[in-house]
Engineer: 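Okay, handing you the structure first.
For clarity, every value in this text was computed on a predicted model and none was experimentally measured.
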Amino acid sequence: MKSSKLPDLDKLTLAEQVAQMVVVRASGYLFDHQIKYPQWEPPAAKLQHLIANLGVGGVILLGGSAAELALRSQQLQNWAKIPLLIAADIEEGVGQRFSGATWFPPPMAIGAIAQRDLNLAEQYAQQMGAIIAQEAIALGINWVLAPVVDVNNNPDNPVINVRAFGETPAVVSQLAAAFIEGAKPYPVLTTAKHFPGHGDTAVDSHLELPVIPHSPARLAEIELPPFTAAINAGVDTVMTAHLLIPNWDRERPATLSHPILTGQLRENLGFEGLIVTDALVMGAIANQYGANEAPVLAVEAGADILLMPVDPEGAIAAICDAVTSGRISPARIRASVERIWQAKLKVFEAGSGGVGEWGSNFMLQSLEEIAQPASLAAPVNILRETTEVFGSVPLQVANLVNLRNLIVVDNLLDCKFIDRQAPAIAIPAQLGYTTQLCDIHTPSASNSDDLQPTLMQVFIRGNPFRGSAGISSVAEDWFKKLLRAGQLQALILYGSPYIKKQFLDHLPSDIPCLYSYGQIYAAQAIALEALFGK
C-alpha cells in the first residue's frame, strides 16, 4: 500500500517538479477498446508511463459510469509515486460526465430563479456545489473544474451560453460564491473559469481565437467582478481563457499573457491560488503556437498548471530547457510547485482520495454517496421552478391517430439524453405517438412529404465544438414546414433560452409551447407531464 504523503520538494529534480505542473487527459473507461477520443486519451500503457515514469501531477477524466470511475481513479492513484490531482469538468454535476451520478440542469437555470428570488437561487447554487463535491470525492475526483463565472451577456455565445449563471456580474458573482461555499466543507478544489471572462464572445475558443475588444474600464465593470467574488469566497484555482484582449495584451491570448495572468490576476486581483490553463489542445492555442512553445509561454505568463498539453513529454522537456537556458528561473517553477503542494495537502490531508486510503471497503462505502434521493431531488426542484409554459395546456390527444413525435437534436452520435427510456420518447409513445429523430445527418424537412399532427421537441444549447448557439437548419426547416401545413400540435424547447423568442415570434398563440433549461430525463418528464396533464 503506497503512502499518500507528499515528498520533500527539495528532493525533486527539475524535471520532476515541472512534471507536477502537467495534467493529462484520460478516458474514464477502464479498457483501451472503450476509449472515445483517441486523439486526446492515451492507451493504458502510455498513460501509466506518463504517471509512473514521467510523474505528471494530475489527470482530467471524461467518460464511463460512476462506479467505473471509482475503479479508474483508484488505478491511477496506484500508478502514481506522488498523489494525483484528479479533475473533471462537472459544471452540471458528476452525472454530466459519469453516468449514474446526479446530473443538474445548466447553471443558467439557477440564474433564472435569481431574477425573482435571489435567496432561493443562492440556496440552490450552494446545494449544487455541495452535492457535486460530495459525489466527486466518492469517486476519487478531488478537483472540480467549476463554477463557470463568465458573464454570458452575448446571446450568440456558442460555448458559454447556459453554462453561465447569468448575464449580469451581480447574479454571476453571488451564485458562483454560493456554489464555492457549498463545496468548501469537502476536500476538493474548486475552479473559477474562464479568466478574464469568456461571456461576451461569438467564437468558440475550442475552434478559433476569440477577440475581446473592450476597454479596461469595461472589463473591470463586467468581466472581473465574478472572479473577485470567487476569490473572496475562497476558490482554489482559476482557469484561463484562450482570448485575445488587445487593451491588455496586443500579442498574446490571456493563457499566454504575463500582463493578464500575472499583472491582472495575481497582482491586481490578488489571487494566491493555482492558475491553470484551459486545455492547450484547443484550437485557439494549438493552431497558432507550437506544441512545446505554448507550455513555455504559459509558464512565463504565470500559469502553475498546464492542462492537456499536446505533447506532455515534449512540454516538460521544453520547460526544463527554458530553465537551463535562463529563459525561466528555477524560482518560477518552485513557486508553482509550492502552490500545487498546498492544493494537494488540502485534498489529501483530509483523508479522501489519498493513495494510502484506497481499498475495496473505502470504494464501496463511497459509492453509497452517489445519487442519494435528496441529491436527485435537487435538480428536479430547479427544473420545476424554471419550466415555462406558453399557451393552453394540457394538450388533448384522445381519439387522434397518426401522431408524430419529432425530436430534433444537434448530433445523435453525441447525444446522452435520448434513448428508448428517455421521457421525450417514452411518454409520447404511451399516448400513441410514433417517434421520428432528426439531426445534422438527416435529410431536411423539404425532402419530406409526410405531414401529420406533430409534437416537435427541440434540444438546442451552446456546447464546446458546436460552433453556434442558434437554431439548426434542420429544426428551422421542420418548424416552418409544420406551421405552413397546420400540423404543429405543440413545441417543446430544451436548452438555450436565447432561441425561445425566435420560435415564439412565429408561433400562433393557440399552439402550446414549453421551455426548459435542462435536456436531461427530469427536464423531459416535467415538460411532457405539463403538456399532457399527467
Engineer: Got a donor-acceptor contact below 3.5 angstrom from the N232 side chain to the T228 backbone?
Structural biologist: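 Such a contact is found between N232 side chain and T228 backbone.
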Engineer: Take L455 and F532 through the test side chain to side chain contact (heavy atoms under 4.5 Å, CB included) and record every step on the way to the result.
Structural biologist: CA-CA 11 Å; L455 161 63; F532 292 119; 4.1 Å; yes
Engineer: Is it the case that T255 and T240 place a side-chain donor and acceptor less than 3.5 Å from each other?
Structural biologist: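 Checked: T255/T240 side chains pair up, N/O donor to acceptor below 3.5 Å.
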Engineer: Could you check whether the rings of F195 and F227 sit parallel, tilted or perpendicular, using 30° and 60° as the cut-offs?
Structural biologist: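 F195 and F227: perpendicular rings.
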Engineer: Do the ring planes of H198 and H194 sit parallel (below 30°), tilted (30 to 60°) or perpendicular (above 60°)?
Structural biologist: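 Geometry flag for H194 against H198: perpendicular rings.
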Engineer: Has E135 got a side-chain atom pairing as donor or acceptor with A371's backbone, closer than 3.5 angstrom?
Structural biologist: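 Between the backbone of A371 and the side chain of E135 there is a qualifying donor-acceptor contact (under 3.5 Å).
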Engineer: Between the side chains of R116 and E385, is the shortest nitrogen-to-carboxylate-oxygen separation below 4.0 Å, so that they form an ion pair?
Structural biologist: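 A salt bridge is present here (some side-chain N lies under 4.0 Å from a carboxylate O).
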Engineer: Using a strict threshold of under 4.0 Å (side-chain N to carboxylate O), is an ion pair present between K184 and E181?
Structural biologist: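 Salt bridge present between E181 and K184.
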Engineer: Would you kindly say whether Q134 and E369 are connected by a side-chain donor-acceptor distance under 3.5 Å?
Structural biologist: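 There is such a pair between these side chains.
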Engineer: Within 45° of the axis and under 6.0 Å from the centre of the six-membered ring of Y29, does NZ or CZ of R72 qualify?
Structural biologist: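 Output no; distance or angle outside limits.
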Engineer: Between Q524 and Q519 (side chain of the first, backbone of the second, donor and acceptor by atom type, cut-off under 3.5 Å), is there such a pair?
Structural biologist: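 Checked: pair present.
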Engineer: Just by distance, do the side chain of N142 and the backbone of L85 share a donor-acceptor pair under 3.5 Å?
Structural biologist: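 No: the side chain of N142 does not pair with the backbone of L85.
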Engineer: Go through the side-chain N and O atoms of T454 and Q489 and say whether any donor and acceptor fall under 3.5 Å apart.
Structural biologist: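 Per modelled atom types, T454 and Q489 side chains form no pair under 3.5 Å.
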Engineer: Do you know which of N161, N157, N152 makes side-chain hydrogen bond (donor to acceptor under 3.5 Å, both in side chains) with Y498?
Structural biologist: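 Only one of N161, N157, N152 forms a side-chain hydrogen bond (donor to acceptor under 3.5 Å, both in side chains) with Y498, namely N152.
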Engineer: Do you know the tightest heavy-atom contact between I86 and G140?
Structural biologist: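 Of all heavy-atom pairs spanning I86 and G140, the closest is CB-O, 3.6 Å.
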Engineer: Closest heavy-atom contact between I141 and A88?
Structural biologist: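 So the two residues come closest at CD1-CB, 4.0 Å.
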Engineer: Tell me if a side-chain donor or acceptor on S516 pairs with a main-chain N or O of T387 at a distance below 3.5 Å.
Structural biologist: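 No, because the side chain of S516 does not come within donor-acceptor range (under 3.5 Å) of the backbone of T387.
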Engineer: Is a donor on one side and an acceptor on the other found under 3.5 Å between the side chain of E41 and the backbone of I35?
Structural biologist: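 Not at all, since once roles are kept as given, no pair shorter than 3.5 Å links the two residues.
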Engineer: For A44, does its backbone N or O pair with a side-chain atom of D32 as donor and acceptor, under 3.5 Å?
Structural biologist: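 Yes; judged by distance alone, with no hydrogens or angles, the pair exists.
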Engineer: Strictly below 4.0 Å, N to O, side chains only: are D89 and K193 in salt-bridge contact?
Structural biologist: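 Yes, this pair counts.
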Engineer: Parallel under 30°, tilted from 30 to 60°, perpendicular over 60°: which one fits the rings of Y515 and Y517?
Structural biologist: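 Plane angle over 60°, so perpendicular.
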Engineer: Got more than 12 heavy atoms from elsewhere within 6.0 Å of CD, Q421?
Structural biologist: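 It does not: Q421 CD has 12 such atoms or fewer within range.
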Engineer: Pairing donors with acceptors under 3.5 angstrom, does anything connect the side chains of N405 and Q457?
Structural biologist: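 Yes - a donor-acceptor pair under 3.5 Å links their side chains.
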Engineer: Checking Q34 side chain against F31 main chain: does a donor-acceptor pair fall under 3.5 Å?
Structural biologist: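 Yes, the answer is positive, given that a donor and an acceptor are paired below the 3.5 Å cut-off.
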Engineer: Tell me, yes or no, whether the heavy-atom count around K416 atom NZ, taken from other residues, nucleotides or ligands under 6.0 Å, exceeds 12.
Structural biologist: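 Correct, the count exceeds 12.
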Engineer: Testing the basics here: between I212 and G197, what is the closest heavy-atom pair and its distance to 0.1 Å?
Structural biologist: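 Heavy-atom minimum between the residues: CD1-O, 4.4 Å.
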Engineer: Does this structure show an ion pair linking E92 with R461, if we count only N-O contacts that are shorter than 4.0 Å?
Structural biologist: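 A salt bridge is present here (some side-chain N lies under 4.0 Å from a carboxylate O).
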Engineer: Does E167 form a side chain to side chain donor-acceptor pair (under 3.5 Å) with N153? I'd like the steps, not just the answer.
Structural biologist: CA-CA 5 Å; E167 301 173 332; N153 56 359; over 6 Å; no
Engineer: Ignoring hydrogens and geometry beyond distance, is a side-chain donor-acceptor pair present between D419 and Y521 at under 3.5 Å?
Structural biologist: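 Their side chains do contain a donor-acceptor pair, which is all the 3.5 Å distance test asks for.
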Engineer: Quick one, L488 with F479, criterion side chain to side chain contact (heavy atoms under 4.5 Å, CB included). Give me CA distance, side-chain angles, the key distance, then yes/no.
Structural biologist: CA-CA 8 Å; L488 183 61; F479 179 66; 3.7 Å; yes
Engineer: Is a donor on one side and an acceptor on the other found under 3.5 Å between the side chain of E68 and the backbone of G28?
Structural biologist: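 Between the backbone of G28 and the side chain of E68 there is no qualifying donor-acceptor contact (under 3.5 Å).
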